Structure formats: C-alpha cells, structure tokens
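Reviewing the structure listed below.
This structure is a prediction, so every number in the text was calculated from the model and none was measured.
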Protein chains: 2
Amino acid sequence: MAQTVERTVSPRRAELVAAATRLFSERGYHGTSMKHLADTLGVLKGSLYAHIGSKEELLYDVVAEGAGRFLTRANAAAALEGSASDRLRAFLVGHIETAIEHLDAATVFLNEWRYLSDDLRADVQDKRDAYEGLIRRIVTDGISSGEFRADADVAMTARLVLSAGNWVYAWYRPGGSLSSTEIGHRYTELIVRGLETNSINAEVAK
Amino acid sequence: MAQTVERTVSPRRAELVAAATRLFSERGYHGTSMKHLADTLGVLKGSLYAHIGSKEELLYDVVAEGAGRFLTRANAAAALEGSASDRLRAFLVGHIETAIEHLDAATVFLNEWRYLSDDLRADVQDKRDAYEGLIRRIVTDGISSGEFRADADVAMTARLVLSAGNWVYAWYRPGGSLSSTEIGHRYTELIVRGLETNSINAEVAK
DNA sequence: CCTACCGATCGGTAGG
DNA sequence: CCTACCGATCGGTAGG
C-alpha cells in the first residue's frame, strides 16, 4: 500500500499501439499482419499476445485514442467564451492541429474504425455523434445570436466544417508551407465569410 | 469480318467488377478474399482467373471506373458557359450526384486506391491531379473576373470544395431527406456566400 | 519473450 | 467453370 500501483498501461503495450498506429495508417488494418507488427518491435508474433488479447483490441486502442484527442480539443473549443465564429474557428483549428500532429492516428480513426465489430464500433459512433453535436451547437448558437444568417442550414454547415477537417489527412503532407493553425484559419474564413465580392464583410474584416 | 468484333468486356467480367465494387466498399480491398467474391457469383475462386489476371487488376478496374465518372462530370462542368459560381456549383453538384449514385464505387475510389502498386497508383494520382486542376481553374477564373474576392486562396478554396464532395460518402445514407442535387446546392451556397449576416449578398440572393 | 504448433485461409495455377 | 493442388501466411495458443 505504500507503493503507487502500476495503473499505467505497460510501456511495451504503448509501443505496440504506437507501431500499430503507424502500420494501420500505411497499410490498413486488414493489410497489416501480426507478424508485421512483431517485426517492427523485433519480437516474434506470438509474443505480442502477452500484451494484448487480439488484433482487434489493438485497432480499438488506436481508434479510441484518436477519438479522445479530437473530443478533448473540441470540448475546449465549445466551452470558450466568445462569439460563435470564434468558437467555430477554435473548433476547426483544434481539429486540424490534432489531425496533423497525429496524422497516423487520425488516418486510422477516420478510415479503419468501420472494421471494428458491432459493440466497439457503436462505442466509436457515439463519440462521433457527440463530436458532431458540438459543432452543430456552435452553429445554432451563432444563428440565435444573429451572428450567422437566420436561414443557415445547421446540419450542412456542421458537415462542411467536419468535411474540411476530416479530409486534411488525405492531402496534407509534412513540410508544406502552411501551418496547421493557418490551414484552420483559412478554412474558417472561407466558411464564415464566403467567396463572393460585393460583401461588406470584405470591408469589415481587418 | 462481317460480324462485329466483341470489343466490350465480357458480361461475366463486368459482373465480377460489380461484385468487387460492392465488397471492396464494405470490407475493404484487403478485407475481401477471392473466395468471397467467388461465393457472391456462385463459382469457385479459381474460376475467377478466367476473367482477370489478379486481384489487384480488379481493384484497378473499380478505381479507374470511379475516377472516370468523376472526371467526365467535372469536365462538363468546367466547360460550361456562365459565371464562375455557376461552374463551381455544377462541379460540386456533379461530384456529389456521382458520389451518391455510385456510392460503392466512390468509396473504393477514395479509400482503396492507395493499395494499388506504384505504377497503377501513379496513373490514378494523375487523374486526381487533373481533377483538382479543374476546380482550381474555376476559382482562378472567378477571381480574374472579379466575381470572387481578389484575396481568395485558390488552393484552399479548391480543397474545401473537394473536401465537401469527398466526405459525402462518409455520412450520406440512402433515404435521407435531401437529394444529391440539393446537397450540392447547399454546399455551394455556403462556400460562395458564407455564413455571416451583414452581407449584402443576403439581399441580392433570390 | 521464445519454441513449437494449431486449423484455416490466402492468392493463384495447371490441366481439363 | 471445375478438380485438385501449390507454398505461404493468417490470427492465435500452450507451455515454458
């Protein structure tokens, strides 16, 4: 009782999850074998089962870790005081920063979660629904406050924000000229202000 | 020489490609076995090789067919006479109609193309680049004509359009209340006109 | 973490 | 399109 209990996942398991994040991202869940994973860690595949129960458990770990990161950032953005467009910007910037800082985890989260079995997939679906609820709420608030146009389509606006954020993994490559923060800002400008000229927003903007 | 030459792919091969489109979409390329495909068609897996050379050839067929559909519609949109926003709308509506009418093919095209070997993948990449070039051109034209704001970011705007279109497969389910055409229109409105109030666009719009 | 192994399945082929 | 088969690999386990 004097010693702190080892409640953290074993470091070896964490290495396994890290390797799985990498390989599942590059080759897909079904395209990655346990032997592949084992080779990466320098052990034989049978040895992996000292740390995990199954390959699917590993996928769930990677996906849940990704989902958790996105949700944490989004909750922070939604809780900000400030205008709806401030919160929308914080939400999208946070999403894109997360996606880029953890590109492999984001890729697996977005592409491979559908291969989870029913129970685990339902768990992830709940998190995705909660996530979408946060951005919808921000849009709704902006309409209530008069900041966004009254006839704005909440569902479609929320989806456009998510589409911008969720597609980043597909085109972003490290070393680009724009930072993740800058990418988020530009998308937000586009969505909030639109493209057309003849808008007084152009003059209002700094 | 009197008979027309059988130049069309054999109907059996077409059925195979159709089955592959379905299964690769649901389970992924690596998650679909040749036995699986064969079961769907009611034959033994060895028999499939009378129609194809390899499993990868099948993936390429599905992906190339999807890419072709998108490109055809996009070329038509880009060739329209009319304002840049008209062409942007036609581009996005065409993309979304194509994605929804051929949801499985679109899903495979977007998610599984990366598992093609280098040569075939490069071929698909070229088509993707051409596609992105078309929408960038439309945005550039809109800036030149003064229709879009002069400080618009061409690359980011084009990416936002593609993000909206490419993410549809991830959330759209048949039986929704919006038609594919309507979805395309609403996204286009959002991108072109923006969300904020205090825009004279609100009054200008019909 | 290794040795040694399990039954099942993988993509693909030869020959008819 | 079937029969019959190929070597390789799959996820996973028992026992140490």
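Among the atoms of the strands shown, none is found under 4.0 Å from any heavy atom of B:H30.
Note that CG of B:L59 and CG of B:L120 are 8.5 Å apart. Values are rounded to the nearest 0.5 Å.
The side chain to side chain contact (heavy atoms under 4.5 Å, CB included) check on A:A105 picks up A:T21, A:H102, with sequence neighbours excluded. Shown here are the ring pair (Phe, Tyr, Trp, His ring centres under 6.0 Å) partners of B:Y172, two or more places apart in sequence or in another chain: there are none. For B:A170, the side chain to side chain contact (heavy atoms under 4.5 Å, CB included) criterion is met by B:W167, not counting sequence neighbours. In this structure, the side chain to side chain contact (heavy atoms under 4.5 Å, CB included) partners of A:D153, at least two apart in sequence or on a different chain, are A:A155, A:M156, B:R186. Every residue two or more places apart in sequence or in another chain that forms a side chain to side chain contact (heavy atoms under 4.5 Å, CB included) with A:A20 is listed here: A:F24, A:L37, A:L58, A:V62.
Atom CG of A:L48 is separated from atom C1' of C:dC1 by 10 Å (rounded to the nearest Å). The NE2-P distance, from A:H51 to C:dC2, rounds to 11 Å in whole Å. One atom, CG of A:L37, and another, C1' of D:dG11, lie 12 Å apart when rounded to the nearest Å. A:R13 has its CZ atom 14 Å from the P atom of C:dC1, to the nearest Å.
In the set C:dC1, D:dC1, C:dC2, the nucleotide with an atom closest to the side chain of A:L44 is C:dC2.
Using a 4.0 Å cutoff on non-hydrogen atoms, no part of residues 113-123 of chain B comes near DNA chain C.
For the residue pair A:S85/A:E147, the side-chain donor-acceptor check at 3.5 Å is satisfied. In this structure, a donor-acceptor pair under 3.5 Å is absent between the side chains of B:S180 and B:E101. One side chain, A:S83 or A:D86, offers a donor N or O that lies under 3.5 Å from an acceptor on the other. No side-chain donor from either of A:Y29 and B:H30 sits under 3.5 Å from a side-chain acceptor of the other.
For residues 177-197 of chain B, there are no ring pair (Phe, Tyr, Trp, His ring centres under 6.0 Å) pairs, not counting sequence neighbours. Among pairs with a residue in residues 34-43 of chain A, those fulfilling side chain to side chain donor-acceptor pair (under 3.5 Å) read A:R27-A:H36, A:K35-A:D39, at least two apart in sequence or across chains. Among residues at least two apart or in separate chains, there is no ring pair (Phe, Tyr, Trp, His ring centres under 6.0 Å) pair with a member in residues 50-69 of chain B.
Remark: DNA chain D forms stems of 3 or more consecutive Watson-Crick or G-U wobble pairs, all pair distances under 3.5 Å, at C:1-16 with D:1-16.
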Every protein N/O within reach of nucleotides 14-16 of chain D N/O, cut-off under 3.5 Å:
none

Please enumerate all protein N or O atoms sitting under 3.5 Å from an N or O of nucleotides 5-10 of chain D, with distances to 0.1 Å.
{"residue": "D:dC10", "atom": "OP1", "partner": "A:S33", "partner atom": "OG", "Å": "3.0"}

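Considering only side-chain N and O atoms, B:Y49 lies nowhere under 4.0 angstrom from the phosphate OP1 or OP2 of C:dT13.
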